[in-house]
Amino acid sequence: QVQAVESGGGLVQAGGSLRLSCAASGRTFNNYAVGWFRQAPGEEREFVATISWNGAYKDYADSVKGRFTISRDNAKNMVNLQMNSLKPEDTAVYYCGADPSNPLLRAPYRRASSKYYYWGQGTQVTVSS
């Protein structure tokens, strides 16, 4: 069974940093775009960041631009999300997924969670004020 495995979440004070990791279980995501999304209690799952298969193209939600950095290491089959200057409103469960249909992020739906698959169980990020 193909699935993403997220890790790296935790409890951090506002202004702190965390580094999330997304690994592929059961297959490689090296040919796919990979995105990070988050979901707070009672909220819809929202787009955070996405990266093309080769790492050349990236897209960020306005709310995290300048604070979060997405990267990938295909040799290790890993996608990371470095989160700096964290705010209480960043508190959520963070998920990663892979989109096989838009490897270079050229399609306008690159921020749509419905286009991503192989979701993992998520990792909890809690930012205290």
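These numbers come from a predicted model, not from an experiment.
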Item checked: Atom pair CG (Leu18) and CE (Met83), whose distance is rounded to the nearest 0.5 Å -> 4.5 Å
Notebook entry, point to check: Hey, are the side chains of Arg45 and Trp119 touching, using non-hydrogen atoms and a 4.5 Å cut-off?
Noted result: yes
Notebook entry, point to check: Just how far is it from atom OH of Tyr94 to atom CD of Gln39, taken to the nearest 0.5 Å?
Noted result: 12.0 Å
Item checked: Under the side-chain hydrogen bond (donor to acceptor under 3.5 Å, both in side chains) test, residues paired with Ser21 that sit two or more places apart -> Asn80
Check: Which residues pass the side-chain hydrogen bond (donor to acceptor under 3.5 Å, both in side chains) test with Gln3, sequence neighbours left out?
Finding: none
Note to self: Between Tyr109 and Ser101, do the side chains contain a donor N or O and an acceptor N or O under 3.5 Å apart?
What the structure shows: yes
Next item on the list: Please identify each residue that fulfils side-chain hydrogen bond (donor to acceptor under 3.5 Å, both in side chains) with Tyr117, with sequence neighbours left out.
Entry: none
Note to self: One thing to verify: whether Arg110 and Asp99 come together as a salt bridge, which I'm taking to mean a side-chain N less than 4.0 angstrom from a carboxylate O.
What the structure shows: no
Checklist line | Thr126 (side chain) donor-acceptor with Thr91 (main chain) under 3.5 angstrom | finding: no
Item checked: Close side-chain approach of Thr69 and Tyr60, heavy atoms under 4.5 Å -> yes
Margin query: I need the Asn74 CG to Asn31 CG distance, nearest 0.5 Å.
Written below: 8.0 Å
Check: Who passes side-chain hydrogen bond (donor to acceptor under 3.5 Å, both in side chains) against Asn54, sequence neighbours left out?
Finding: Ser52
Next item on the list: May I ask you to test the Phe68-Trp36 pair for a side-chain heavy-atom distance under 4.5 Å?
Entry: no
Item checked: Sequence-distant partners of Glu89, side-chain contact (heavy atoms from CB on, under 4.5 Å), two or more places apart -> Lys87
Note to self: Could you see if Leu81 belongs to whatever hydrophobic cluster contains Val93? Use Ile, Leu, Val, Met, Phe, Trp, Tyr and a side-chain cutoff under 4.5 Å.
What the structure shows: no
Note to self: Taking Ser85's backbone N and O only, do any of them form a donor-acceptor pair with Arg67's side chain (distance below 3.5 Å, no angle check)?
What the structure shows: yes
Item checked: Criterion side-chain contact (heavy atoms from CB on, under 4.5 Å) against Leu20, the qualifying member of Val125, Val48, Ile70, Val79 -> Val125
Notebook entry, point to check: Looking only at atom types and distance, does a side-chain atom of Glu6 sit under 3.5 Å from a main-chain N or O of Gln121, one as donor and one as acceptor?
Noted result: yes
Next item on the list: Could you pull out the closest heavy-atom pair between Ala33 and Tyr116, with the gap in Å?
Entry: O-CE2, 4.4 Å
Margin query: Suppose we screen for side-chain contact (heavy atoms from CB on, under 4.5 Å). Which residues come up paired with Ser17, at least two apart in sequence or across chains?
Written below: Gln82, Asn84
Check: Does Thr50 reach the main-chain N or O of Val34 with its side chain, forming a donor-acceptor pair under 3.5 Å?
Finding: yes
Item checked: Heavy-atom side-chain contact between Trp53 and Leu104 under 4.5 Å -> yes
Item checked: From Thr123 atom OG1 to Tyr95 atom OH, the distance as rounded to the nearest 0.5 Å -> 10.0 Å
Next item on the list: Determine yes or no for a side-chain-to-main-chain donor-acceptor pair under 3.5 angstrom, with Asn77 supplying the side chain and Ala23 the backbone.
Entry: no
Check: Are Ile51 and Tyr118 connected, step by step, through hydrophobic side chains (Ile, Leu, Val, Met, Phe, Trp, Tyr) whose heavy atoms are closer than 4.5 Å?
Finding: yes
Note to self: With rounding to the nearest 0.5 angstrom, report the CZ to CZ distance, Arg111 to Phe37.
What the structure shows: 10.0 Å
